[in-house]
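This one's a predicted model, so the numbers in the text were calculated from it and none came from an experiment. Nothing fancy with the numbering, it's 1 onward along the sequence.
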Amino acid sequence: MSAVADFLEGVGVDAAGRDLETVLASDDGALERSHDFIQWLFPLDAPSRAVATAPVLAGEDVARIRRSTAARAALARSSRRMLGFYERTGGWRAPHDHNHLRISRIIKSLRLLLGDAEADAFRTRIETLCEGDPISAETRRHWSRA
């Protein structure tokens, strides 16, 4: 059993005991303050450098999530939720901000689990939102390679 796949399918909880609906219903302030939810909404096949207890996808997890209608729908909903967060907030539009790492994670996770079209659409929307903002060229390159 995969805890992160269960979480994305709506039948499990994250390491803090929250289910998917609870995380997605969090207000923008809670999303900004909390640093342990993004790894559950957008898991990767590599360890998180920020949260030691974050899930790490194994090959079986990736295959299960890719096959799961519920997990794929959760990833799409999570993507829309985070885009809404970035549309409504502006603190991340700075030369350096922890949200830049979150954005990289989201793009990588979407690419791994949903495909290039979804990842590229998210990245393009983020780039449009921060056009003209002082986000570093290095960060922007990182997003384009994610």
Side-chain angles (χ1 to χ4, degrees), residues 1-89 91-127 129-130 135-146:
M1 293 277 278
S2 167
V4 70
D6 288 346
F7 174 81
L8 289 172
E9 290 176 338
V11 296
V13 295
D14 67 9
R18 300 168 294 209
D19 64 16
L20 176 70
E21 296 306 319
T22 299
V23 174
L24 292 178
S26 298
D27 65 32
D28 290 344
L31 293 182
E32 179 60 31
R33 288 185 304 275
S34 180
H35 297 279
D36 63 350
F37 73 91
I38 201 78
Q39 297 85 0
W40 287 83
L41 289 182
F42 300 99
L44 292 173
D45 55 358
S48 168
R49 293 186 332 205
V51 178
T53 60
V56 178
L57 296 174
E60 309 84 57
D61 301 323
V62 172
R64 176 178 166 188
I65 291 167
R66 285 178 178 167
R67 285 191 314 266
S68 172
T69 302
R72 291 175 61 82
L75 286 160
R77 285 181 60 213
S78 298
S79 174
R80 289 190 302 274
R81 174 64 180 97
M82 292 308 295
L83 276 176
F85 169 79
Y86 292 123
E87 289 167 350
R88 288 185 297 276
T89 62
W92 65 277
R93 297 176 184 170
H96 302 285
D97 187 81
H98 71 273
N99 280 291
H100 300 173
L101 295 173
R102 288 179 173 181
I103 291 166
S104 296
R105 169 177 278 276
I106 293 167
I107 296 167
K108 287 178 184 178
S109 180
L110 292 174
R111 191 168 312 285
L112 175 67
L113 300 171
L114 293 184
D116 291 339
E118 292 81 357
D120 292 341
F122 185 91
R123 187 192 77 238
T124 298
R125 182 67 185 129
I126 289 294
E127 289 171 341
L129 285 173
C130 66
I135 295 171
S136 74
E138 180 182 350
T139 294
R140 292 173 191 270
R141 277 191 304 274
H142 193 71
W143 292 344
S144 71
R145 291 189 303 253

### Message
Counting C-beta onward and ignoring hydrogens, is there a side-chain heavy-atom pair between Val56 and Val4 closer than 4.5 Å?
### Response
no
### Query
Does atom CZ of Arg49 have more than 12 heavy-atom neighbours, drawn from other residues, nucleotides or ligands, at distances under 6.0 Å?
no
#### Entry: From CG (Leu20) to CG (Asp6), nearest 0.5 Å
12.0 Å
#### Entry: Contact summary for Asp97 and Gly91, nearest pair of heavy atoms
OD1-O, 3.6 Å
### Task
Kindly indicate whether the side chain of Leu112, heavy atoms from C-beta on, has any atom under 4.5 Å from the side chain of Val62.
yes
### Summary
Looking only at heavy atoms, the pair that brings Leu110 and Phe122 closest together is CD1-CB, 3.7 Å
### Query
Checking Arg125 side chain against Glu87 main chain: does a donor-acceptor pair fall under 3.5 Å?
no
### Summary
Closest heavy-atom pair, Glu9 versus Ser68, reported as atoms and distance to 0.1 Å, is OE2-OG, 2.8 Å
### Message
Between Trp92 and Cys130, is the side chain to side chain contact (heavy atoms under 4.5 Å, CB included) condition met? List the steps.
### Response
CA-CA 9 Å; Trp92 65 277; Cys130 66; 3.8 Å; yes
### Query
If you round to the nearest 0.5 Å, how far is CG of Leu57 from OG of Ser109?
7.0 Å
### Task
State, yes or no, whether a side-chain contact exists between Asp61 and Pro55 at a heavy-atom distance under 4.5 Å.
no
### Side-chain donor-acceptor pair present, Thr89, Asp28, cut-off under 3.5 Å
no
### Verdict with supporting geometry, Arg18 and Asp36, salt bridge (Lys or Arg N to Asp or Glu O under 4.0 Å)
CA-CA 11 Å; Arg18 300 168 294 209; Asp36 63 350; 2.9 Å; yes
#### Entry: Over all atoms of both residues, closest heavy-atom pair of Phe42 and Ser79
CZ-N, 3.6 Å
### Task
Look at the side chain of Arg33 and the backbone N and O of Gly29, then say whether any donor-acceptor pair between them is shorter than 3.5 Å.
yes
#### Entry: Shortest non-hydrogen contact from Glu32 toward Arg102
O-NH2, 3.9 Å
### Message
For the backbone of Arg123 and the side chain of Trp143, can you confirm whether one donor and one acceptor N or O come within less than 3.5 Å of each other?
### Response
no
### Query
Distance only, no hydrogens: is a donor on one side chain within 3.5 Å (strictly under) of an acceptor on the other, for Glu138 and His96?
no
### Message
Could you measure the distance from the CG atom of Asn99 to the CE atom of Met82? Nearest 0.5 Å is fine.
### Response
6.5 Å
### Query
Is there a side chain to side chain contact (heavy atoms under 4.5 Å, CB included) between Trp40 and Val23 once you walk through the steps?
CA-CA 10 Å; Trp40 287 83; Val23 174; over 6 Å; no
### Task
Go through the steps for Glu118 and Leu113 under the test side chain to side chain contact (heavy atoms under 4.5 Å, CB included), then give the verdict.
CA-CA 9 Å; Glu118 292 81 357; Leu113 300 171; over 6 Å; no
### Query
Is a donor on one side and an acceptor on the other found under 3.5 Å between the side chain of Arg140 and the backbone of Ile135?
yes
### Query
Quick one: NE2 on His142 to CD1 on Ile103, what's the gap to the nearest 0.5 Å?
11.0 Å
### Message
Just verifying a value: how many Å separate Asp120 CG and Glu127 CD, rounded to the nearest 0.5 Å?
### Response
9.0 Å
### Task
Would you check if Ile65 and Leu114 make a side-chain contact, meaning some heavy-atom pair closer than 4.5 Å?
no
### Query
What heavy-atom pair brings Phe7 and Asp14 nearest, and what distance separates the two atoms?
CD1-N, 3.7 Å
### Query
How long is the gap from CG on Asp116 to CD1 on Ile107, to the nearest 0.5 Å?
12.0 Å
### Query
Is there a donor-acceptor pair under 3.5 Å between the side chain of Arg81 and the backbone N or O of Leu24?
yes
### Task
Would you sort out whether Leu83 and Ile126 count as a side chain to side chain contact (heavy atoms under 4.5 Å, CB included), showing the intermediate values?
CA-CA 8 Å; Leu83 276 176; Ile126 289 294; 3.9 Å; yes
